[in-house]
Structures are given as C-alpha cells and as structure tokens.
There are 2 protein chains.
Amino acid sequence: MTSKSTMREVASKAGVSIATVSRVINSPDEVPTETVERVRAAMRYLNYRPNINGRRLKMAQTRSVGVLVPTMANPVFATSVQGIEQAAHEDGLTVLLTSSNYDPQRELGAVSTLLNNRVDGLILTLANADDNPVIDLLKAENIPFVLLFNQPARKDVASISVDNARSAYDMTQAMIAQGHRSLAMVAGRFESSDRSKQRFEGFGKALSDAGLGAARLCQVGFGETELFTPLKSFLTGPDAVTGLVCSTDMLAIAAMSACREHGLSVPGDVSVGGIDGIAVGGLISPKLCSAVQPTQEMGQQALAFLRGLIRGQTNPQSLILPHQLSTGESIGPARHPSSPRL
Amino acid sequence: MTSKSTMREVASKAGVSIATVSRVINSPDEVPTETVERVRAAMRYLNYRPNINGRRLKMAQTRSVGVLVPTMANPVFATSVQGIEQAAHEDGLTVLLTSSNYDPQRELGAVSTLLNNRVDGLILTLANADDNPVIDLLKAENIPFVLLFNQPARKDVASISVDNARSAYDMTQAMIAQGHRSLAMVAGRFESSDRSKQRFEGFGKALSDAGLGAARLCQVGFGETELFTPLKSFLTGPDAVTGLVCSTDMLAIAAMSACREHGLSVPGDVSVGGIDGIAVGGLISPKLCSAVQPTQEMGQQALAFLRGLIRGQTNPQSLILPHQLSTGESIGPARHPSSPRL
DNA sequence: ACTGACATTGTAAACGTTTCAAATGTTCAT
DNA sequence: ATGAACATTTGAAACGTTTACAATGTCAGT
C-alpha cells in the first residue's frame with residue numbers, strides 16, 4: 001500500500017464529491033460533523049495523504065521558506081538554522097536548506113534553486129549584502145526575504161544582525177583598556193564575508209580612536225582551523241602582538257590553538273577575543289571572551305520578519321541587536337613592555 | 001514583473017507549442033538549435049522560471065529529500081547535514097530540513113510533514129532505531145530512507161554509523177590502559193538516543209572485561225552544558241572517579257568545564273574522553289581525546305545510499321565505519337592511589 | 001509522381017488539488 | 001401549498017507541467 005490514494009478515491013469511498021473532501025481538509029467547520037466523520041474514516045481506511053504538490057500548484061503559496069547559509073560547519077549558522085527551523089515548525093512551514101560554502105559564486109545558483117521551488121520567502125546570509133546580484137534578483141522578482149547576520153547599507157531590505165563594526169570596536173576597546181597597544185585582527189576573507197570587513201573597520205576605528213598605529217590584519221580562509229603558519233609573523237619576532245581580535249569565535253578558538261602551538265599562553269602572553277558568542281566558547285579553557293549575539297533567537301526573529309513580509313507587510317524591517325561582551329578569561333592585562341617575551 | 005510567466009506564454013512568444021517549450025527544457029538535443037534559441041530567447045525575455053510544482057504533480061518524483069536530525073546545535077549533526085547538503089547539491093536534489101529536538105514524540109510529526117511534501121526519500125537520525133513507529137510507517141509506505149548515526153539491530157533498514165558500543169569500549173580501554181580503575185560514563189538520556197545506550201553498553205563491557213566493578217552512569221539531558229551539579233558526586237568525595245567516558249564530544253567538553261569548576265585539572269586529576277570527533281575538540285586545550293567518526297563524509301555517504309534506494313535498489317545497505325581514537329591530551333595516566341586528591 | 005522514412009512540431013489528456021457558481025434539499029413563515 | 005432563506009453538496013474549471021500520439025513537412029529512392 002504505497003500511499004497512492006487520492007482525494008477522488010476518498011470521495012468515492014465516502015460517497016461524497018471531491019469538493020466535500022477538500023472542505024473536510026481545509027475548513028471542517030463548514031461541514032456537518034457526520035460527514036466529516038465519514039470522510040475522515042475513508043481517509044484513514046485508504047491511508048490518504050494529501051498531495052501537497054497538487055495544492056501548491058493550485059494555490060499561490062507553498063508554505064515553504066528557503067534558507068541559505070555559508071556553512072553548517074560553523075555553529076553560529078547551525079544555531080541560527082536551528083532557530084529558523086523551530087519557528088518554521090511552529091508556523092507549519094517547511095524549510096528548504098542550502099549552503100554556499102562561503103562562495104559568492106554559488107549564492108545565485110542556490111537562490112535560483114530555491115526560487116524554482118517556489119518558496120514563499122527566503123532567509124539569507126550572504127557574502128556581501130551590498131551590491132549583490134542575489135538581492136537585485138529578489139527585488140526584481142519581488143520575493144520576500146530577510147538577511148541574517150548581514151548588515152546592509154541600504155535600508156530597503158529586511159535584516160537582522162548585530163552592529164558588526166561596533167562589536168569589534170567594543171572588543172578592541174576592552175583589550176586596549178587592559179593595556180594592549182599592539183593588536184592585530186584575525187579575519188575571514190572580506191570577499192566571503194562583509195561581516196568580516198565591517199568588523200575589521202570597527203577594529204581599525206578603535207585603534208585610531210585610541211591613537212594607536214595602523215590596523216594589522218591576518219586574513220584567512222573560512223573553514224581554516226590551522227592558523228599556526230598564518231599567525232607566525234604576528235606572534236613571534238619584533239612585531240609580535242599582545243592581543244588578537246578575531247572576527248568570529250571559530251577563528252578565535254583556532255587562534256588560541258595556534259598560540260599554544262607557538263608556545264604562548266592565553267591570556268598570559270596573548271589575549272584573544274572573538275565575536276559571535278557560540279556556546280562552546282563558554283565551555284573551553286580559558287573561557288572565550290566574545291561579543292555575544294543571541295544566534296538562535298536571531299533565527300527565530302528572522303522567520304518572524306519573513307512571515308510579516310510574506311503576509312504582505314510592505315516596509316522591510318531591520319533589527320540591529322545589542323551585542324554583549326562576555327566575561328571571558330581569554331583576555332587579560334597586556335604583558336608589561338619591560339618583560340619581553342622569550 | 002513578478003515572475004508570473006508560464007510555459008504557455010513562452011510558447012506563444014516564441015511562436016511554438018508548449019510541448020516544444022517543454023522539450024527545450026528537458027531534452028534540448030531533440031530540438032533543432034534554431035528553435036532552441038528562439039525559445040530560450042523568449043524565456044529570457046519573459047523571465048521565465050519553470051514551476052516545479054506543476055512538474056512534480058505530473059511526475060512521480062519531486063527530486064527532494066527530507067532530513068531529520070535531533071538538533072542543529074550539536075556540531076556532529078550540523079556537520080553531517082553539511083555533508084548531506086553538499087552531496088544533494090551535486091545531485092541537483094533539494095533538502096528539506098527538520099529537527100526533533102531529541103523528542104521521540106516529535107519524530108513522527110516531522111516525518112509526516114516530510115512525507116506530505118512527497119520527498120523521494122529520507123535521511124534520519126532517530127532517538128531509537130529499534131521498534132520505532134517512524135520506521136514502521138516508512139516501511140509500510142515503502143519510502144526509501146537511510147538512518148544516520150543510528151545503528152539498528154534489524155538488518156532490513158539502511159544505516160550508516162560507527163560501531164557505537166565498540167567506540168565506547170575502545171575509549172574505555174584506552175583509559176584503563178592508563179591505569180584508571182575508577183571510571184564513570186556521562187551519557188545523554190537513553191530515551192533520546194540509542195547511541196547513548198549502546199555506548200554505555202560498550203563502556204560496561206570494557207569494565208567487566210577488565211574485571212572492574214559495575215558501570216557508573218551520569219545520565220544528563222541533551223543540550224545540557226551545565227554539568228557542575230550532575231557530576232558533583234562523581235568528582236568529589238570518597239567515590240570520586242579518575243576518568244570520565246562521555247557519550248558525545250559535546251558532553252565531554254561540558255564535562256571538562258565542570259571538572260575545572262570543581263577545581264580539578266584535566267587530565268591531571270581527571271581524564272575525559274569523548275565520542276564523535278567534532279572539529280572543535282581538536283582546537284581546545286587540552287585537546288579532546290575522542291573516538292572520531294568522519295561526520296561529514298557520513299552525511300555524503302548517506303545521501304549516496306539514499307540515491308541508490310530511490311533508484312530502485314532493493315536491498316538496503318548498512319555501513320559501519322571504523323572509528324579512530326584521536327591522540328588527545330585530555331586523557332592521561334591515572335592519579336596514583338597513594339596521592340589522594342585534596 | 002508516389003512511397004516510406006524521418007525530422008519537427010502540435011494536440012490533448014493527464015497529475016491532485018482548490019474553489020466558484022450552481023444545484024439540491026430542508027425549514028419556516030406566510 | 002408557496003416561496004424565501006439557508007445549509008449542504010456537487011460539477012467543472014482552473015493551476016503549470018509532461019508526454020503519448022498524431023499531424024505536418026521534407027527528402028531520397030523508385
């Protein structure tokens with residue numbers, strides 16, 4: 001019995017027309033209880049399962065939403081997807097998931113697939129939220145969408161994020177307050193992440209506001225966890241830094257690992273700060289100091305925004321959530337200049 | 001221009017019939033180049049996008065697969081989903097994602113939603129792979145599916161996993177080899193995870209094979225990261241253990257944190273081992289010793305199996321992958337009995 | 001010129017729903 | 001009895017595809 005039964009069969013089994021069966025499914029209150037029961041019985045008997053594709057073809061809506069994230073391998077996105085899925089479930093929506101692997105080239109294809117599936121709307125984390133063909137496409141086709149984590153300059157797109165520059169600024173300032181004067185940022189490639197770029201700008205601003213020199217940058221590929229070599233010139237030699245501000249928590253954790261590989265202790269020799277607030281950061285030693293954002297709630301909120309847009313709400317809302325510096329142990333006072341390392 | 005255009009419009013624009021348009025889409029080689037070009041031009045002009053729901057209604061297949069995991073918040077599942085998504089993308093399949101939040105009650109509903117969507121097949125991580133109504137349902141309706149991480153007793157369902165009991169056995173043995181005699185397992189609730197139960201059995205067997213006493217168990221809720229209180233009686237007092245075997249890496253990381261909160265060092269005072277091999281385990285200090293499974297590849301492989309089943313392959317394959325104990329620093333020699341803690 | 005083979009295109013019937021308009025049946029005040 | 005008002009049900013036309021089958025046009029061989 002491969003669940004092949006159709007509305008027509010249910011109808012004839014129950015001795016009614018397919019219109020009545022449809023009504024039993026969609027608005028049972030408009031049908032007398034006796035009939036409802038008879039039809040329901042026939043459904044059970046035949047193991048009936050409505051063919052959602054028939055319905056979708058007929059109706060305008062599909063009751064599904066598309067999600068695009070850079071990767072599931074970073075808990076910050078995985079957690080947000082968890083939030084999206086949860087909210088979607090409560091709303092009876094189906095989630096179609098795709099990932100771009102941080103490759104801007106793949107974004108358009110992924111979104112196109114989603115659109116072919118006729119999703120009612122999209123939640124996206126894009127490499128670059130400004131001047132992105134994906135956004136142009138969605139605007140042109142008038143498909144509701146919400147950006148998540150992206151913090152676009154333009155005000156005509158819905159988005160949920162923290163203030164990226166500000167979070168990096170605050171983290172950097174916290175380090176400066178601990179006496180750090182020689183800092184560098186470890187950041188994911190700017191082409192892959194506008195957050196990365198915005199955070200670097202915040203980093204630079206904090207430095208210049210404090211009258212410190214040019215912002216040093218160690219740009220690494222996403223998904224990269226081996227930072228021993230990339231960080232070598234930052235951690236050793238005459239230009240060694242005393243603190244690393246990292247554009248994500250994953251990078252921060254990888255950076256802490258690299259520090260240890262270089263024989264440096266955190267925060268004794270080097271302070272390390274991250275941004276994102278992934279859960280595991282609070283469990284490790286030293287506890288990662290991070291600019292925390294409520295990732296899962298942001299996912300839920302994104303879905304709530306999207307629902308509004310799908311329902312026809314016209315002006316896209318943007319929400320910039322406050323981040324919060326966690327009390328981490330990975331940041332400490334700077335080594336005193338008079339006690340040079342090594 | 002809200003992408004409303006249909007095949008019929010394209011056809012009339014190009015001066016052909018809809019059958020020809022369909023042919024241009026599905027088998028361009030059977031259509032003369034000149035016609036193909038004319039139709040393609042019309043498509044571009046009208047911004048045509050095939051309505052996949054029309055197609056799905058007509059065809060048997062939907063070219064979509066459903067995925068059910070306990071949660072995205074645990075990297076082990078997130079990574080597997082990443083693998084699934086990647087393989088699906090290469091195959092031009094769409095992924096429908098749901099999660100159960102470790103609640104067996106929700107599994108049936110989630111799968112039902114997926115089936116309503118007429119997915120061609122499913123990849124599932126269930127709370128309990130034996131005697132599960134979800135499996136009965138899928139068997140009854142003859143829907144292809146592959147279990148991921150579950151290691152079912154019955155041989156008529158496809159599955160991909162490691163040998164759960166064995167991985168715990170090996171981990172435990174490694175601890176015993178380091179002189180540990182007083183061990184406990186930290187495990188997620190058995191009702192939520194058959195892996196947890198199987199791993200506990202492996203733990204118990206290793207103990208009894210070594211002639212050590214009864215297996216002690218600290219069962220905790222999934223998603224729980226605060227293990228200070230649950231572990232109190234295991235880490236302090238006369239019955240304090242020298243090693244904790246954890247049923248997952250996430251629990252292991254949380255357990256290490258709890259040890260530190262209790263003022264104990266890892267592995268100095270307590271050794272901690274995990275199972276799963278999540279990436280972050282290799283970055284923290286001390287590096288987590290784990291029974292590693294190739295999570296992402298397992299996701300890809302699951303999709304490959306599923307594809308086979310969808311294509312009509314009749315006998316479901318099961319794959320039990322070898323795990324590998326990582327060289328972690330979280331396990332060390334047992335404290336010598338003559339140097340009691342505190 | 002006629003035939004058959006072949007290339008190209010078109011016609012029309014599904015697929016399983018939803019829903020509008022119309023039909024049927026029932027009740028009740030007159 | 002009649003008809004208005006209402007409750008219940010039905011018939012039939014979409015929705016946008018795919019595809020079997022038929023139709024048309026072309027051309028080589030006779």
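Quick note on labels: first sequence line is chain A, next is B, and so on, each numbered from 1.
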Grab the [atom1]-[atom2] distance between [X] and [N] for me, whole Å please.
X	N	atom1	atom2	answer
B:Lys58	D:dT17	NZ	C1'	8 Å
A:Arg56	C:dT17	CZ	C1'	13 Å
A:Ile52	C:dG16	CD1	P	15 Å
B:Gln61	D:dT17	CD	P	19 Å
B:Met59	C:dG16	CE	P	14 Å
A:Leu46	C:dG16	CG	C1'	15 Å
B:Arg63	D:dT17	CZ	C1'	16 Å
A:Asn117	D:dG16	CG	P	16 Å

Nearest-nucleotide check on DNA chain C, B:Gly54 vs B:Ala19; residue mapping nearer the 5' end is B:Ala19
Heavy atoms only, 4.0 Å cut-off, all strands: where does [X] land among base, sugar-phosphate and nothing?
X	result
A:Ile25	nothing
A:Met7	base
A:Arg8	base

Mind checking whether B:Tyr102 and B:Phe77 have parallel, tilted or perpendicular rings, split at 30° and 60°?
perpendicular
Is there a side-chain polar atom (N or O) of [X] under 4.0 Å from OP1 or OP2 of [N]?
X	N	answer
A:Asn26	C:dT18	yes
B:Thr6	D:dT17	yes
A:Thr35	D:dT9	yes
B:Ser17	C:dT11	no
B:Thr20	C:dT8	no

**Message:** When you compare the side chain of A:Leu138 with that of A:Val157, does any pair of heavy atoms fall below 4.5 Å?
**Reply:** no
Any N or O donor-acceptor pair linking the side chain of A:Arg23 to the base of D:dT10 at under 3.5 Å? yes
Nearest heavy-atom approach of A:Ser159 to A:Asn150 is CB-O, 3.8 Å
Out of D:dT10, D:dG16, D:dT17, minimum distance to the side chain of A:Leu57 belongs to D:dG16
Exercise. Say whether B:Asp120 and B:Thr62, considering side chains only, have a donor N or O and an acceptor N or O under 3.5 Å apart.
Key: yes
Judged by nearest nucleotide, the residue sitting upstream toward the 5' end of DNA chain D, B:Ser22 or A:Val16, is A:Val16
Notebook entry, point to check: What's the verdict on side chain to side chain contact (heavy atoms under 4.5 Å, CB included) for A:Met43 and A:Val21, showing C-alpha distance, side-chain angles and the deciding distance?
Noted result: CA-CA 9 Å; A:Met43 286 179 173; A:Val21 176; 3.9 Å; yes
